[in-house]
Structure formats: structure tokens, C-alpha cells
Amino acid sequence: MGGMTNPLTAAQNDFENNPDQNATPRQTHAPAQSPAAASSGAAVATPKAPSYPDPWPAPMAAGPLDAIVEIPGSKSLSNRYLILAALGSRPVTLVGLLRSRDTDLMMGALRSLGVECDVDPAKSTTVRVTPPASGTFRGGQTVYCGLAGTVMRFVPGLALYADGPVRFDGDTQAYERPMKPVLDGLEQLGARIEYEGEPGFLPFTLTPPTALTADAPASAPARSITIDSSGSSQFVSGLLLAAARLGAPLTLTHDGAHLPSLPHIRMTMADLGASGIGVTMAQGERGDGTVTWHVTPGDVQLPERVVVEPDLSNAAPFLGAALIAGGTVRVPNWPASTTQPGGLLPEYLHDFGADVRRTDDGVMTVTSDGVRSGAVHGLGSFDLSAAGEIAPSLAAIAALASSDTDLHGIAHLRGHETNRLKALVTEITRIGGEAEELDDGLHIGAVGLDRLHGEVMETYADHRMATFAAMIGLVVSGVRVTNVATTRKTIPDFPGLWASLLAQSAH
Ligand SMILES: O=C(O)C1=C[C@@H](OP(=O)(O)O)[C@@H](O)[C@H](O)C1
Ligand SMILES: C=C(OP(=O)(O)O)C(=O)O
């Protein structure tokens with residue numbers, strides 16, 4: 001593996017590329033995990049993020065909100081488009097790309113594999129992606145995944161088409177995120193995986209099968225692989241993205257008890273479709289509860305210019321703020337139809353009791369009398385398996401609502417950035433609320449606002465635990481949030497946007 005950069009010896013990098021800016025303070029071990037030298041060729045021109053006190057005092061809402069908040073690009077779409085552009089043969093310009101830690105890690109990963117990602121100097125959210133002229137990715141590299149599920153589960157599929165072994169590493173906390181099903185799938189396609197620590201987890205090295213590094217003949221025999229994707233939809237998505245280049249039809253079967261985040265899998269299928277790759281899905285083809293996808297390979301090519309939708313899951317704290325503090329919050333550029341699971345958010349907020357409407361100009365408007373009025377009730381027993389990533393935002397509303405909520409279908413949140421079920425129970429309990437873990441989710445009891453008190457709330461290097469705490473802080477005085485910079489995983493400047501939400505409302 002000569003030429004592979006060792007992140008253990010890489011120099012400390014600047015703020016933008018330092019992985020540890022987002023890790024919890026006790027996990028800071030900066031030089032050990034520097035992705036820039038490890039995974040990016042050219043410098044990434046991310047705008048500098050302002051720095052904030054730690055802990056950050058969450059601002060309280062002085063009265064009902066009245067604000068419009070522009071939400072940056074979707075993480076899930078941005079990172080899929082980056083992967084699909086890299087798999088193509090012509091340059092693609094991505095407009096409105098999310099520029100945050102997860103997308104910068106993805107661009108760093110692609111650059112290390114020989115893909116050019118040129119940031120428009122006049123607009124950092126416009127990025128031109130040029131795949132390697134040879135069509136083969138560069139091996140002998142370390143890809144630094146940070147804590148990004150989309151990087152650690154999607155990029156190994158590209159390494160299948162590299163001209164040498166590729167090593168994958170990430171934040172220490174990422175070593176706990178499950179990887180095995182996607183890597184088992186790639187092994188079934190001929191890759192060899194060597195784990196450095198516990199099998200099934202980062203760090204590891206993927207050695208591609210030699211047959212795939214050259215163009216595989218279109219007539220190659222169909223392939224069939226089976227995995228259990230109960231732990232994350234990203235295992236299926238990663239394999240579907242990889243299959244686009246296979247040069248042979250692929251049948252992928254999920255054989256497991258659950259299949260979370262189905263909209264994210266449909267998003268992958270739709271984006272592959274937009275790149276000229278046909279994918280179909282059939283439930284229970286074997287008549288035994290399994291789910292099967294058929295991928296018909298072709299020439300992967302996104303259109304020359306792709307516009308990224310705003311991140312609708314990241315709209316949740318802002319729109320949810322209207323339910324908590326009362327008032328109206330508007331988010332512009334809300335798509336009329338979307339593959340994002342955040343497209344379900346308006347109906348979830350309506351279920352809590354909000355007035356929700358999208359006008360023809362694409363503005364999503366959420367209005368509520370707020371939790372103090374008693375107008376926000378719990379969701380009762382609620383299946384959130386389609387959109388588990390919104391759970392922390394819904395949990396914040398539920399903890400302040402006038403009746404109970406049981407969120408089901410989200411057992412796999414134990415393998416998210418942190419064990420989110422445990423973290424949410426700990427933090428809700430810390431402020432005087434009532435919550436407990438269920439086998440497949442969370443029970444959140446209604447205790448009344450008077451019982452809740454401000455505390456220093458832990459965020460566990462999890463962006464959504466930080467936005468969860470900020471939501472609570474709108475109506476509970478004295479909430480302080482550790483490591484609010486962790487929000488940079490998917491939002492370039494969350495505290496700035498949050499301040500603008502409140503500042504607009506003060507007028
Ligand atoms: O494919 C994607 O872009 C994502 C899939 C989901 O993962 P899980 O299925 O692991 O929840 C989601 O939670 C994550 O934030 C993004
Ligand atoms: C689960 C999440 O992220 P990841 O893409 O790292 O899995 C999330 O953003 O809520």
C-alpha cells in the first residue's frame with residue numbers, strides 16, 4: 001500500500017478540514033485524525049465558520065416567532081450527486097450544494113480517488129465535478145470519513161473501481177457505526193476487506209477485485225447479493241450506487257427484520273434513474289418478507305447541471321420552533337414534490353397541532369400558538385421508521401407537548417452519530433422531563449413546562465442533539481449547549497441561522 005497517506009502522522013489542518021472541531025471535547029486528538037492530508041488533494045474553499053462559546057447559551061424566544069429562514073442544501077442529495085457525478089464520464093455542475101462537514105468530507109474522499117471537485121470562487125455552493133479521464137479511481141489512498149454515514153457507506157462502493165487498495169478511516173466515534181452489511185455486499189462482488197480493529201467497523205482497507213478495475217464487459221453474467229439492511233438504509237443505498245458501474249445486472253436482496261428510512265432508498269433509486277440507471281424494487285419477491293432491487297447497468301451520467309433542494313430534515317428545528325415558541329416560521333424553496341424524507345415533516349408538524357401550508361411560490365409556512373398555550377399535543381403511538389433522522393427534532397417538541405408520544409420503528413438510531421435513543425433519554429431526563437427507551441424507539445412523557453429546568457446539555461458530537469437542545473432552550477431558561485460547532489456536520493452556521501430566526505421575530 002505504498003503511497004497511502006497515514007492520517008496518524010498527517011499534520012494538523014486548518015479549521016475547515018479539522019475533524020475534531022465537531023467532536024466532543026473529550027474526544028479531541030487532533031493530529032491523529034486529519035482528513036485533509038489524508039483525503040483531499042486541493043484545498044477545500046469552505047467559508048470560515050464563526051466560532052461560538054462552549055457551552056453555547058441557547059437563546060430564549062422573547063415572544064411568538066415571525067421569521068423566514070433559508071435552509072442550505074440537502075446533505076443526502078448533495079452527497080448522492082457527488083457520488084453519481086464521480087461515476088460518470090463528463091463534468092457535472094452542482095448548484096446549491098450543501099457546504100458543511102459531511103459534504104466537504106465527501107469532496108475530500110472523491111479528490112483522493114482522483115475526482116476533481118472545483119468550487120466556484122464566486123459561490124462556494126456551486127461545484128463542478130470532473131470524473132477521472134481514465135474512468136478508474138486512484139487507489140493507494142486513505143479516505144477519511146469523519147462521522148459521515150454517507151461517506152463511510154457510499155464511498156467503499158467507488159473503491160470497487162479503484163486501481164489499488166483504499167483504506168477507510170474516520171473519527172473515533174465513527175468506529176462504533178455499523179458497516180458490515182455494506183462491506184459484506186462488496187465482498188460478495190469480489191472485494192477483499194481487511195479490518196484493523198473489530199470486524200465490521202472502521203478502520204479497514206478494501207482491495208478491489210482486479211476484474212472490475214478495467215471496464216467490465218456489458219455481457220457479464222448477472223450478479224446476486226444478499227445483505228441485512230435493518231441497521232441502516234445506507235447499506236442498500238451504497239450497494240445500489242456501486243452497482244451502477246458493475247457492467248452486469250445486479251439483484252440485491254435485503255433479508256432482515258426491518259428496513260428503515262425507505263424514502264432514502266427511493267431517493268437513491270430516483271437519483272440513479274436521473275443518471276440513466278434503471279432500478280426496480282419489489283417487496284417480498286421470495287414470499288418471505290425480503291425486499292429485492294434489480295439494477296440494470298448503463299452509462300452513469302447526471303445532467304450537466306443539477307440544482308440541489310434545501311435540506312428538509314434540517315428545516316425541522318426551524319419549523320418546529322414555531323410550535324415551541326408559537327408564531328410563524330416560513331421556509332422558502334420548499335419543493336412541490338421531493339424524494340427527501342423531510343417531505344414528511346409538514347404532516348408530522350400538523351399531527352402535533354400546527355397549521356401548515358405550502359403556497360404556490362414554494363414557501364412552507366408553519367404557524368402555532370406554541371407549547372405554552374397547550375395547543376401542541378403529543379403524537380401518541382407514532383411510526384417514524386420512514387424518517388428516523390428527524391427524531392431528535394420531533395423529540396424536542398414532544399418533550400414540551402401536552403400529551404405523550406411514543407416514537408416507533410427507530411431502533412437503528414442506536415447506530416447513528418451517537419446512540420440517539422440513549423442520548424435523548426439522558427438529555428430529556430436531565431432537564432426534568434420524562435423519557436425512556438423502548439425496544440424500537442422512545443417514550444416521551446408530557447410533564448408540563450413548569451417541571452423543566454435549564455442545564456448544560458450534552459451533544460455527543462451529534463449535530464441533531466445540538467439542534468434538539470437549542471429547540472428546548474427556546475422556552476426553557478438557562479439551557480446551554482456543549483459543542484454547538486458539531487452542527488457544522490450538516491449546516492454551515494446553525495447558531496447564526498438560529499440567531500436570525502429570533503432577531504427577525506423581535507421586530
Ligand atoms: O442515505 C442517506 O442520505 C441517509 C439515510 C438515513 O440513514 P439511516 O437509514 O441509517 O437512518 C438517514 O438517517 C441519514 O441521515 C441519511
Ligand atoms: C444519521 C444521520 O447522518 P449520517 O448521514 O451520518 O448517517 C443524520 O444526519 O441524522
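As the structure lists them, so they are numbered: ligands from 1, and atoms in each ligand from 1.
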For ligand 1, which atoms, with element, lie under 4.0 Å from some heavy atom of [X]?
X	result
Phe154	1 (O)
Glu389	12 (C), 13 (O), 14 (C), 15 (O), 16 (C)
Ser261	6 (C), 8 (P), 9 (O), 11 (O)

Can you check whether Phe204 and Tyr175 have ring centres sitting under 6.0 Å from each other?
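No, they do not, as the ring centres are separated by 6.0 Å or more.
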For ligand 2, which atoms sit closer than 4.0 Å to a heavy atom of [X]?
X	value
His463	8 (C), 9 (O), 10 (O)
Leu147	6 (O)
Lys75	2 (C), 3 (O), 4 (P), 5 (O), 8 (C), 9 (O)
His416	1 (C)
Lys489	3 (O), 4 (P), 6 (O)
Gln234	4 (P), 5 (O), 7 (O)
Arg420	1 (C), 8 (C), 10 (O)
Ala148	6 (O)

Arg488 and Asp102 ion-paired at < 4.0 Å
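No, Arg488 and Asp102 are not salt-bridged.
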Side chain to side chain donor-acceptor pair (under 3.5 Å) involving Glu198 - partner list, sequence neighbours excluded
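None.
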Check Thr490 against ligand 2 and report side chain, backbone, both or neither, counting heavy atoms closer than 4.0 Å.
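The answer is neither; Thr490 stays 4.0 Å or more away.
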Heavy-atom contacts under 4.0 Å between Arg101 and ligand 2: side chain, backbone, both, or neither?
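Under 4.0 Å from ligand 2, Arg101 contributes no heavy atoms.
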Does some side-chain heavy atom of Thr253 sit less than 4.5 Å from a side-chain heavy atom of Val291?
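The answer is no, as the side chains (C-beta and beyond) never meet within the 4.5 Å cut-off.
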Side-chain contact test, heavy atoms from C-beta onward, threshold under 4.5 Å: evaluate it for Thr125 versus Val95 and give yes or no.
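Result no, sub-4.5 Å side-chain heavy-atom pair not found.
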Can a non-hydrogen atom of Met267 be found less than 4.0 Å from any atom of ligand 1?
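No heavy atom of Met267 comes that close to ligand 1.
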Name the atoms and distances for all side-chain donor-acceptor pairs under 3.5 Å in residues 380-399, with sequence neighbours left out.
unit_1, atom_1, unit_2, atom_2, d
Ser381, OG, His408, NE2, 3.4
Asp383, OD1, Ser385, N, 2.9
Asp383, OD1, Ser385, OG, 2.8
Glu389, OE1, Arg464, NH2, 3.3
Glu389, OE2, Ser313, OG, 2.5

Among Arg177, His264, Gln340, which one has a heavy atom closest to atom 6 (C) of ligand 1?
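Closest candidate by heavy-atom distance is His264.
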Of the listed options (Arg464, Glu417, Met465), which comes nearest to atom 1 (C) of ligand 2 when hydrogens are ignored and any heavy atom counts?
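Considering heavy atoms of Arg464, Glu417, Met465, the nearest to atom 1 (C) of ligand 2 sits in Glu417.
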[atom] [closest protein heavy-atom partner, distance rounded to 0.1 Å]:
atom	value
atom 7 (O) of ligand 2	Arg177 NH2, 2.8 Å
atom 1 (O) of ligand 1	Arg80 NH2, 2.7 Å
atom 11 (O) of ligand 1	His416 NE2, 2.8 Å
atom 3 (O) of ligand 1	Ser76 OG, 2.6 Å

Is there a donor-acceptor pair under 3.5 Å between the side chain of Ser74 and the backbone N or O of Ser76?
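Checking the backbone N and O of Ser76 against the side chain of Ser74, a donor-acceptor pair under 3.5 Å is found.
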On a heavy-atom basis, which atom in Gly73 and which in Leu98 lie closest, and how many Å separate them?
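Nearest pair, atom of Gly73 first, then Leu98: O-CB, 3.3 Å.
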Side chain or backbone of Thr268 under 4.0 Å from ligand 1, or both, or neither, by non-hydrogen atoms?
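Neither part.
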